Amino acid sequence: MSTIDSAPSVEDERARRTLVAARAQRERDRRLRYRDLTLSIAAPIVLVLLWEVSARMLIIDPRFFPAPTRILAAGIDMVRSGELWAHTAPTLVRLLLGGGLGAIAGIVMGLLMGSSRALNATLGPLFSALYPLPKIAIFPILLMIFGPTELPKIIAVFITTFFVMQIASVSGVWAIDRKLLEAGTAYGATGFDRFRFVVLPGAMPFVFSGLKTATGTAVVVVTAVEFTGASETGLGYLIWNSWQLFIPEKLYVGLLVIGIIGAVLTALLSRSEKLLLPWRRG
Amino acid sequence: MHPVDHATVVAEDVSKVFFSGGEPVWALEDFSLTVEPGSFTCIVGPSGCGKSTFLRILGGLEERTVGEVTMRGADHPVPAAFVFQEHGVFPWMTVQDNVSFGLRMTGTGARERREIAQDWLRRVRLEAFADSYPHQLSGGMRQRVAIARAFATGSPVLLMDEPLGALDAQTRMLMQEELIALWEAERKTVLMVTHDIDEAIILSDRVIVMSGRPGTVREDLAVPFERPRSFDIERSPEFGELRSRIWNLLREDVRAAEETS
């Protein structure tokens, strides 16, 4: 502390200067944040503009890369004629029904295997052996069994999400801090109470990251399944068929919609994770 | 105060042997201890002497190989409430839900649970954080939650496994003061494991000094200071004597433990 008699005014002046410097620092940080935000929004816009201009000036081949405005126009036509929805609806049904049921079954199975040593010993090696098998390779078998109906497509998506979620949920249970399991034991949590208050919430972070992975994989599988001759509906079929008929605009519309579906589902999951797991850091 | 609440913890010839590779390792050998009802007992010993193992056996978290453990007079639904070193509170529960967890498991009604939890939150000065999650609290506050959770069960026996071990030195001293005050108001039977000799003397009525592995009782010392206690006892000559006596008992084993690990 200063011992000079006129200290108050000197100290006031010094404090004022420090505050000015601190404000300038905060202002700089804020400017940098705005700059980052602007850059991240501007980059895709610039890219699309560049694409538009290059396509129109024939710098890139518009047969392969039709101008974004033409893709948009094709999209609007397809919405008007109902063609787009006719392909989007079946894909959504396959994705949500197969994926939803597969996720529920996978989570239940994973949590049970994580909690029961005997069940894990019985099924663990089996699932580990089946997991690396590309699920799409099973599709012909499903077709053989169920015929070219909706069922094999839904089952293909179901199996995909089931395996991802089963593995994520088992890992989630195993990743629970031993101390917390012991705290459950020490305070008398047994049976269903232990599951509800300790195991289930403890495994949730892994379950959610599994759901995001599963969404991505399920979108790939549903598209792949629709590529095959076994389907005459769906966005995958739209993309494949547009290639065969060489209508690149429609191909890009299909691509765009499937991309949006994936992005929306992932965003919904992130959102519900924040709502359902308020105790997570960050 | 509540004589019915008080329980005696008795351990007779408890041994714990586990296998490391093919070799049997004796974590505890014929360890016997009787803890008087309503007393505060600390166990100190070198790392790996089995003091935590013993506490965990009492708390039902680990199996003993042979021996008898009884908690006389503890017909409470939670025979012994455990306080862990850290990360023992559930991150997915609010502070209040954590504190009332033991009560919930024993089927206490929601209203009574909330009242008891709020009372304990007030006593550990966390009433403003009832709806916060543990990650929003400091380390010291989290341990206060853990301690409140143990007291709130109403269990006559508290088992504390280095409850202040992960805190910084100054927070730790504050928490020791608070723990003294809480305990002196409640007089539960407490058995606490600690590394800290000063902490053992300040908090307890009795210090059990354990030998290195396999753990046995090396010395059983009474702590002569009156209650209610404060940190002033640290300045008394008796405190210094007791502390150097305990350290002399431990020194060789601590060195041995240090060199083998």
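All figures in this text were calculated on a predicted structure; none of them were measured in a lab. Sequence lines set the chain letters: A, B, ... in the order given, protein chains first and strands last, and positions in each chain run from 1.
Side-chain atoms of Y187(A) come within 3.5 Å of backbone atoms of F82(B) as a donor-acceptor pair (strictly under, hydrogens ignored). Judged by distance alone, the side chain of W92(B) and the main-chain N or O of F197(A) form a donor-acceptor pair under 3.5 Å.
Rounding to the nearest 0.5 Å places CG of D161(B) at 7.5 Å from NZ of K179(A).
Closest heavy-atom contact between F101(B) and G184(A): CE2-CA, 4.2 Å. The shortest heavy-atom contact between H135(B) and P278(A) is CE1-O, 4.0 Å. The heavy-atom pair separating G88(B) from A183(A) by the smallest distance is O-CB, 3.5 Å. Contact between L180(A) and P91(B) at its shortest, heavy atoms only, is CD1-CD, 3.7 Å. Listed here is the closest heavy atom pair of G60(B) and T185(A): O-CG2, 4.5 Å.
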Test R56(B) against E182(A) for salt bridge (charged side-chain N to carboxylate O under 4.0 Å, His left out), laying out the working first. CA-CA 10 Å; R56(B) 291 163 54 80; E182(A) 288 182 346; 2.6 Å; yes

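Here R104(B) is the residue among R104(B), Q85(B), Q136(B) with the most heavy-atom pairs under 4.5 Å with chain A. In terms of non-hydrogen atom pairs under 4.5 Å with chain A, the most contact-rich of P134(B), A146(B), A81(B) is A81(B).
Using a 4.5 Å cut-off between heavy atoms, A150(B) touches chain A through backbone and side chain atoms alike. Of the two parts of T106(B), neither the backbone nor the side chain holds a non-hydrogen atom closer than 4.5 Å to a non-hydrogen atom of chain A.
Within 6.0 Å of CD on E27(A) lie more than 12 heavy atoms contributed by other residues, nucleotides or ligands.
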